[in-house]
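First up is the structure itself, then whatever we jot down about it.
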Amino acid sequence: MRIDKLLWFLRFAGTRGLAQGWVEEGHIRLNGRRVERCSAGVKVGDVLVLPLRNGVRVIEIVTLPGRRGPALEAQGCYRVLDAAPLAPLARPEIEP
């Protein structure tokens, strides 16, 4: 599957055109190599590094999506490899 189509199907990009621009600018890494062509093929087991608004995300493709479906369906197609640790719970204040 083409990388631009995959990014759109997985809902990382709002439109396929945005995904194409993102790839052509060289912001995406596929298995550690910089990708600059939208026609680059992605298969199950590949690792993508994606610069998102809230930080860099590393994902592994588990299955290729057949369509641009709902978010939960899209999230089932990849596994996040760099899950950020959860923030520690705030300690309750002790009254004197």
Side-chain angles (χ1 to χ4, degrees):
M1 173 177 280
R2 290 173 54 110
I3 192 166
D4 60 335
K5 191 173 179 180
L6 178 79
L7 293 172
W8 181 57
F9 276 11
L10 293 182
R11 298 185 160 271
F12 285 109
T15 66
R16 192 162 172 192
L18 286 174
Q20 289 171 343
W22 206 16
V23 172
E24 289 171 354
E25 291 171 6
H27 296 301
I28 309 295
R29 294 200 179 272
L30 173 64
N31 296 326
R33 300 181 76 195
R34 186 173 166 182
V35 178
E36 294 176 340
R37 291 186 172 200
C38 296
S39 61
V42 180
K43 59 188 182 312
V44 173
D46 283 349
V47 175
L48 294 172
V49 178
L50 310 170
L52 303 176
R53 289 183 190 155
N54 56 354
V56 176
R57 180 70 49 189
V58 180
I59 64 168
E60 178 184 5
I61 304 302
V62 176
T63 184
L64 295 176
R67 65 184 183 124
R68 187 174 200 263
L72 286 176
E73 183 180 315
Q75 291 169 357
C77 294
Y78 63 89
R79 184 178 67 178
V80 178
L81 299 178
D82 68 335
L86 297 174
L89 296 174
R91 227 171 87 184
E93 297 211 13
I94 300 173
E95 291 184 28

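We number each residue from 1, following the sequence as shown. Given the structure is predicted, the values throughout are model-derived calculations rather than measurements. Side-chain atoms are counted along with the backbone in the values below, which use heavy atoms only and exclude waters and symmetry mates.
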Task: Minimum heavy-atom distance R29-V35, with the two atoms named - done: C-CG2, 4.5 Å

- [ ] Test side-chain contact (heavy atoms from CB on, under 4.5 Å) on L50 and W22 and set out the steps.
- [x] CA-CA 10 Å; L50 310 170; W22 206 16; 4.1 Å; yes

Open item on the list: Show the nearest heavy-atom pair for residues C77 and L10, with the distance to one decimal.
Closed with: CB-CD2, 3.6 Å

Task: A19 versus W8, closest heavy-atom pair with distance - done: CB-N, 4.5 Å

Task: Separation between CZ of R33 and CD1 of I28, rounded to the nearest 0.5 Å - done: 15.5 Å

Task: Heavy-atom closest contact (I3 atom, R37 atom, distance) - done: CG2-O, 3.8 Å

Open item on the list: If I compare all heavy atoms of G76 with all of T63, which pair ends up nearest, and what's the gap?
Closed with: O-CG2, 4.1 Å

Open item on the list: If hydrophobic clusters are built from ILVMFWY residues whose side chains come within less than 4.5 Å, do L48 and L18 share one?
Closed with: no

Task: L72, CG atom: more than 12 neighbouring heavy atoms under 6.0 Å - done: no

TODO: Applying side chain to side chain contact (heavy atoms under 4.5 Å, CB included), name anything that partners E73, two or more places apart in sequence or on another chain.
DONE: R67, P70

- [ ] Take L81 and R79, measure what side-chain contact (heavy atoms from CB on, under 4.5 Å) needs, and give me the verdict at the end.
- [x] CA-CA 6 Å; L81 299 178; R79 184 178 67 178; 3.4 Å; yes

- [ ] Determine whether more than 12 heavy atoms belonging to other residues, nucleotides or ligands lie under 6.0 Å from atom CZ of R68.
- [x] yes

Task: Stepwise side-chain contact (heavy atoms from CB on, under 4.5 Å) check, K43 with I61 - done: CA-CA 7 Å; K43 59 188 182 312; I61 304 302; over 6 Å; no

TODO: Could you list the residues that satisfy side chain to side chain contact (heavy atoms under 4.5 Å, CB included) with C38, not counting sequence neighbours?
DONE: R2, D4, Q20, V23, E24

Open item on the list: Could you see if L64 belongs to whatever hydrophobic cluster contains V62? Use Ile, Leu, Val, Met, Phe, Trp, Tyr and a side-chain cutoff under 4.5 Å.
Closed with: no

